[in-house]
Amino acid sequence: AAATVDGRVSQSRNFFTTKNAIQTINYNNTLGAHTIKADAIFETYEFEENLMSAQGTGFLPNINVLSGSTSPESVGGSINKERLLSIIGRINYSFNRKFILEGSFRRDGSSKFSRETRWGSFFSTGASWVLSNESFIKNVDWINNLKLKASYGELGNNRGVGFFPYLQVFETGFSQLNKPGILSLEFVDPNLSWEKTALTNIGVEFSFFENRINGSVEYYNKESIDLIYDQPLALSTGNEVVKTNVGAVKNSGLEFSFDTNVLKQDSFELNLGLNFSFDKNEITELTQDEFIDGNKKWQVGKSLYEFFMPKSAGVDFKDGYQMWFKDIVTDQGVRTGEQIKTKEYSEATRYYTGKSSIPSFVGGFSINSSFKNFDLSALFNFSFGSYIYDSVYASLMNGFERAGRQGHPDLEKRWQNPGDLTDVPLFLNGQNDFNSESTRFLFKNDYIRLRGLNIGYNLSQNLIGKLNIEKFRIFFQGDNI
């Protein structure tokens, strides 16, 4: 405590400086039905952080600046810089407002990577065809807009890696007696390079019946390769992880969006909107057979988000002990495919559960309507197919293993007598693994939620006009209701 050292004062001074310079050359020309646009961009970016801190003890009363300290305790500080150089080229071509072609190329150099891996090249291309401007569709009265589109683009990522993750650096301050000392704090991968994301998108946009029905349908395939990840290491190395590029992950799915004007009359209007998507995640490449990441296990062909944990086998109705499944293994270490129940958590086998923490179906819908001076808008979100591991509930279901802990009301359902059928084990006054991580605390995370609601009333102009007020609206609004 500070009182035992006659007071303690800590002070810090941090400066963050960003410098950004962009030079561009633009070209734009129209020749009849042909339009060409081009851009050349050169960009430099620099970020610097200058940090300093100090701490001391031994102060007279009412002295709270470091100069009043009789016993300086510590001084620290650092200066770090990040630089990024980018060269970008873009071109856009359109013909008669029917066909549009786009392409871009960029080359980025980041100081976060070594000279051998510093530069990354990324390109994108896209095309669209406005069918509604073609003669064979232009005369179809109920089609107002119809467009096909496709694109492919790449993007580099260098975030979340620190300032110089490829350098084997040493930290000072680990002195022994009067001898200065330094310490190497982490392993590094000198070949660490850009993480790249490639996105393919194919879709259609439409507007029908005097723009009363609008929408789009799109397929996307987003693949991230050379993922930057803290790969676990054997603790015998003296380090827990090394930051490196570990593999590739693919996200794909279908996205739908619809917006319609259902009814529009003199005093009443109703508009409805709906959007939803079906999504899938898959690991497509790894640098080793598998990774254990908490309650997930990464393997090629599996999802990053599928739970991997022991499966609960319920509660033994004879003695009230929690049980888990384990595989039968031969003396040669071969799994037979059979399972038995065990009351020893350390013997339980971890399995892929087939349950993921990301939803397979997600979306939202909106309502916007008005009647005379009243108006209403509401936004709903929904999500289906995901699961959540409820660690808070697990901690509250520990059966009062230690005195003074809170408990969940579900503890009333605990096993108490032989023959009781329940999924809550007995109270055991002692160390146990009943509430250890397993599918017992894995729950569905499906929901439909009212994200926002707004109900209003506009006072009539006859009433507020006399007060020289142009508009006066009374409303009720709620979020996450």
Side-chain angles (χ1 to χ4, degrees), residues 1-21 44-85 110-114 118 157-190 192 195 227-244 293-295 389-392 394-396 398 402-406 480:
T4 62
V5 291
D6 295 326
R8 175 179 284 113
V9 171
S10 300
Q11 289 184 335
S12 62
R13 187 272 296 145
N14 302 327
F15 291 134
F16 301 96
T17 306
T18 300
K19 299 177 183 177
N20 193 212
T44 58
Y45 169 86
E46 180 181 286
F47 172 79
E48 177 183 290
E49 65 173 26
N50 187 324
L51 313 178
M52 188 181 73
S53 62
Q55 182 173 282
T57 60
F59 290 87
L60 293 172
N62 300 319
I63 301 298
N64 55 11
V65 293
L66 281 171
S67 60
S69 170
T70 59
S71 301
E73 275 191 325
S74 63
V75 176
S78 63
I79 298 177
N80 295 306
K81 286 186 178 181
E82 170 198 351
R83 294 186 177 95
L84 181 68
L85 182 68
S110 172
S111 61
K112 294 185 176 183
F113 304 118
S114 67
R118 180 160 296 166
N157 175 40
N158 67 342
R159 293 172 295 180
V161 298
F163 286 93
F164 28 77
Y166 65 94
L167 290 178
Q168 185 70 60
V169 296
F170 298 84
E171 185 169 338
T172 60
F174 296 89
S175 303
Q176 296 293 321
L177 299 177
N178 61 343
K179 301 295 183 182
I182 60 175
L183 184 66
S184 174
L185 297 182
E186 59 184 0
F187 281 169
V188 299
D189 177 6
L192 182 70
E195 179 180 297
L227 292 170
I228 297 175
Y229 177 71
D230 289 333
Q231 180 176 324
L233 295 175
L235 294 180
S236 57
T237 65
N239 292 266
E240 295 183 356
V241 297
V242 58
K243 197 174 295 293
T244 186
D293 184 36
N295 52 26
Y389 181 78
D390 196 339
S391 58
V392 175
S395 68
L396 293 173
N398 68 356
R402 294 188 298 275
R405 294 289 300 272
Q406 292 180 327
N480 296 317

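None of the values given here were measured: they were computed from a predicted structure.
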Legend entry - Greater than 12 external heavy atoms within 6.0 Å of Asn20's CG: yes

Inset, instruction - Might you confirm whether atom CZ of Arg13 has over 12 heavy atoms from other residues, nucleotides or ligands at distances under 6.0 Å? - result: yes

Euclidean distance, [Y] [atom2] relative to [X] [atom1], rounded to 0.5 Å:
X      : Y      : atom1 : atom2 : value
Ser110 : Asn157 : OG    : CG    : 10.0 Å
Asn14  : Ser78  : CG    : OG    : 8.5 Å
Leu60  : Asp6   : CG    : CG    : 8.5 Å
Leu192 : Leu167 : CG    : CG    : 11.0 Å
Lys243 : Gln231 : NZ    : CD    : 12.0 Å

When you compare the side chain of [Y] with that of [X], does any pair of heavy atoms fall below 4.5 Å?
X      : Y      : value
Tyr166 : Asp189 : no
Phe59  : Ser69  : yes
Leu51  : Phe16  : yes
Glu82  : Tyr45  : yes
Thr244 : Tyr229 : no
Phe47  : Thr17  : no
Ile79  : Glu48  : yes

Inset, instruction - Before accepting this row, confirm whether a basic side-chain N of the pair Arg8/Glu73 lies closer than 4.0 Å to the acidic partner's carboxylate O. - result: yes

